[in-house]
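Data first, discussion second: the structure below is written as structure tokens.
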Number of protein chains: 2
Amino acid sequence: MKPTRIILDQSEIPTHWYNIAADLKNPPAPSLGPDGQPVTPDRMLAIFPGPVLEQEMSSERWIPIPEEVRRVYALWRPSPLCRAERLEQLLGTPAKIFYKYEGVSPAGSHKPNSAVPQAYLNKIAGTKRLVTETGAGQWGSSLSFAGQMFGLPVRVFMVKVSYGQKPYRRLMMQTWGGEVIPSPSPLTATGRRLLAENPDNPGSLAIAISEAVEEAVGDAGTKYALGSVLNHVLLHQTVIGLEAKKQFEKIGEYPDMIFAPCGGGCNFAGVTFPFLGDAAAGDKRAQKIRHVAVEPTSCPTLTKGVYAYDFGDESGFTPLMKMYTLGHDFMPPGIHAGGLRYHGDSPLVSQLYHEGLIEAVAVPQVATFEAGVMFARAEGIIPAPESAHAIRACIDEALRCKETGEPKTLFFNLSGHGHFDMAAYESYFAGKLEDFAYPEEAIRASMEKLPKVG
Amino acid sequence: MKPTRIILDQSEIPTHWYNIAADLKNPPAPSLGPDGQPVTPDRMLAIFPGPVLEQEMSSERWIPIPEEVRRVYALWRPSPLCRAERLEQLLGTPAKIFYKYEGVSPAGSHKPNSAVPQAYLNKIAGTKRLVTETGAGQWGSSLSFAGQMFGLPVRVFMVKVSYGQKPYRRLMMQTWGGEVIPSPSPLTATGRRLLAENPDNPGSLAIAISEAVEEAVGDAGTKYALGSVLNHVLLHQTVIGLEAKKQFEKIGEYPDMIFAPCGGGCNFAGVTFPFLGDAAAGDKRAQKIRHVAVEPTSCPTLTKGVYAYDFGDESGFTPLMKMYTLGHDFMPPGIHAGGLRYHGDSPLVSQLYHEGLIEAVAVPQVATFEAGVMFARAEGIIPAPESAHAIRACIDEALRCKETGEPKTLFFNLSGHGHFDMAAYESYFAGKLEDFAYPEEAIRASMEKLPKVG
């Protein structure tokens, strides 16, 4: 039997994260404060601990993974690299299809790859308590798990409407000891103000961020943790690509194209950056890889956005970051891939796209579920709606290969399973899923409100 | 870093199942028909295909696993053997705790270990369509997945009340192409009769079995598949213990005690039978292992039942089997571990218990959830309520070791994850879980109705 699941030994869990900041062609654009000047570290120290900020600002190429973090990674890492032979046969493609499966983590996605080091770095910095926000619950459950691993209490502000609609994700957080607060809440000034205006405020990710940041700023022992976008989060995710490289090496294969879903950019970065690092170091094979960020047509940040300074959140609390954006007050249609409903993209991914080192493609919602079901029936695993975006783009390429006869090696990141997204599959089977029209008007309107800096 | 997850290569997936029938001290008691005479194979051929019956009746020690089945197993097998170091530390026990994690399968439990070969054996026997029943949905989803692997349509009669209450398991079946019918249904004579009597009949596992068997009997191309109790199902599950033996060997460890949840008996058999086989072959170490079947106090088949001939189902459709039973019309209290709510136990497990080769212990519901949460917080994985029974018994033993100072090696089967059981965890956190009193009256009443044969 030819191997179809390539497993590494625990001793092969990477010892260092790869920091692409060391290999950028151009210096990254600094984040700017409200005064239009680069943000100073001391302002950031109010919400992030020193060791996290050090990583955020570092230009060292290799950053050691603390042994304590590797020991927690060992609960599920190295994750398998799999050959999707049954899917290849179903498609009748000459292409080889591989995927890295991040759904094996306790929380069921790649998010713990960063939640665990963030919890650890906070612990050693003397943080007493972590606070964060969550929408659908992926990040909140990952941080609850990570906090539990290091004995650090975690409070999660969960968008109130999700708190009601996604009780299982909430319970997952509670099982790991996380304290889950429906947001807006009476615990913060922001929450109290909004509840006074409207006791039935359903909440939003922007509001939940505000509450979490307010708590972190107001208490020296409390720090904030973010699940995507920032440099240190992308850094932590590079374990995915670093493992994949070793796994491909073991079987003598190498990808021609890499696909990953792209919302804030962290799982795309995680799988592609180590290969981009090889390309920067002069590896000819790596230079030929096409890296494809896959986003929803209803939130087409890279494919339709502009490269400009914008806020990371709707309310304008964050520093201004140079990134591809649809405008910080753009509200994407309610697709089920909640993790891809973000108006911007991480500054690092945005810069690479701007420099032409990576590509992007947008796919519509119904077609992603069609691909997700096709994958589940061929390979067994039911993918998260976010992950199904990468599957769709990969299948489309495999079908192109079928037409041209090219035996390409395609590789995608299966960022998580869909066990907590079955309601979305229900809508798909019931024929109730929408392909939202490209929200041209809304995007134009929000673009007009881009801050005039940078 | 000392290894805490022992992974085998795909090439180490077992090539044969171990059949304990070859090593029994006494010949197994035959199943009896309504006439009190041993059931003949031709009666069974109406509902099971020849290759399945051959395995059911076989006394060969080793039965080859078809290559086609091993290729599907390879989607998730070999499953990991893990050392629960963080749990050991939490308990402060000198015991070593290991677990085999079967939740890595697509359906999230050990059930596909038998669903896949059953689908394959039906396929090669020319079966056109499979039909089965499901309660909470574990078996129905496993068979839907398995049918999809071999292009065999699967119809699942799902207890109507579960159909409504467990939409996510139902959707999982549909994602794999399974056809899910709320039972009682208008598709069978049994269903029509019951619906005529009461259109709001909530259904039961016994009714769903009747509908499935009726369909299989009535159509030559349709066969029935059962998810536990029978010899061939237990046989297929032995891949668990066979892999575990290799994994222990790799790290130079060996279990003193093995714990597994026990409902129909298939996952208990799967993990213990290969070790019992070594014991039968004279292996001194294997002879010292204590094998502990863990059942709920509210359905204490082994610990409180009698060893007698009884029906496998409530309605008396099945042959009479010699087994530990609480009486076939005993209705266990509504605990969340639905997979352990069975009045009987597999004949093979029952015989071994009767012969004193294995032990049994019963644990109450609230304590199992307490153990499940403790495990999740230490090791990350949220266990299924069934699996939490084994965890409870294992933790209790680890705590005894703490008192006595014995450095025992404890091993349990983590038969599945709890992603589709979060509502049960919700009840636990809300303090709403009950410890049902031992249903003494109900058991006495149903025991009085035991058939007078054998």
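To find a chain, count down the sequence lines: A is the first, B the second, and so on, and within it residues start at 1. Note that the coordinates shown come from a computational prediction; the quantities given were computed from them, not determined experimentally.
In terms of heavy-atom pairs under 4.5 Å with chain A, the best-connected choice from B:E85, B:Q148, B:R377 is B:R377. Counting heavy-atom pairs closer than 4.5 Å to chain B, the top residue among A:D9, A:D421, A:I382, A:I6 is A:I382. Among B:A423, B:G380, B:C82, the residue making the largest number of heavy-atom pairs under 4.5 Å with chain A is B:G380. Ranked by heavy-atom pairs under 4.5 Å with chain A, the first of B:H417, B:R5, B:E379, B:M149 is B:R5. Interface remark: of the candidates B:V104, B:V72, B:I381, B:V72 forms the most heavy-atom pairs closer than 4.5 Å to chain A.
Residue A:A107: no heavy atom, backbone or side chain, is found under 4.5 Å from chain B. Only the side chain of B:F420 comes within less than 4.5 Å of a heavy atom in chain A; its backbone stays farther off. Within the 4.5 angstrom heavy-atom criterion, no atom of A:R83 approaches chain B. With a threshold of 4.5 angstrom between heavy atoms, A:Y101 does not approach chain B through any atom at all. Of the two parts of B:L75, the backbone and the side chain both hold a non-hydrogen atom closer than 4.5 Å to a non-hydrogen atom of chain A.
The line from CZ of A:R86 to CD1 of A:I97 is 14.0 Å long, rounded to the nearest 0.5 Å.
Under the 4.0 Å criterion applied to side-chain N and carboxylate O atoms, B:K250 and B:E12 are assigned as salt-bridge partners.
At least one donor-acceptor pair closer than 3.5 Å links the side chain of B:Q237 to the backbone N or O of B:H110.
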Report task. Give the intermediate values and the outcome of ring pair (Phe, Tyr, Trp, His ring centres under 6.0 Å) for residues A:F98 and A:F412. Result -> CA-CA 6 Å; A:F98 289 90; A:F412 70 87; over 10 Å; no
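Minimum interatomic distance between A:A390 and A:N413 (heavy atoms only, all atoms of both residues): CB-O, 4.1 Å. The minimum heavy-atom distance linking A:A337 with A:H389 is given by the pair CB-CE1, 3.6 Å.
At a threshold of 4.5 Å between non-hydrogen side-chain atoms, the residues A:I181 and A:V156 do not count as touching. Looking at heavy atoms from C-beta onward, B:I124 lies out of side-chain contact with B:E68 at the 4.5 angstrom threshold. Side chains of B:L8 and B:K246 form a contact here, defined as non-hydrogen atoms less than 4.5 Å apart.
For residues 165-175 of chain A, heavy-atom neighbours of chain B at less than 4.5 Å comprise A:Y168, A:R170, A:L171, A:M172, A:Q174, A:T175, sorted by residue number.
Among residues two or more places apart in sequence or in another chain, the side chain to side chain contact (heavy atoms under 4.5 Å, CB included) test is passed with B:K123 by B:F150, B:L152.
Taking the six-membered ring where tryptophan is involved, the planes of B:H419 and A:H419 are tilted, since the angle between them lies from 30° to 60°.
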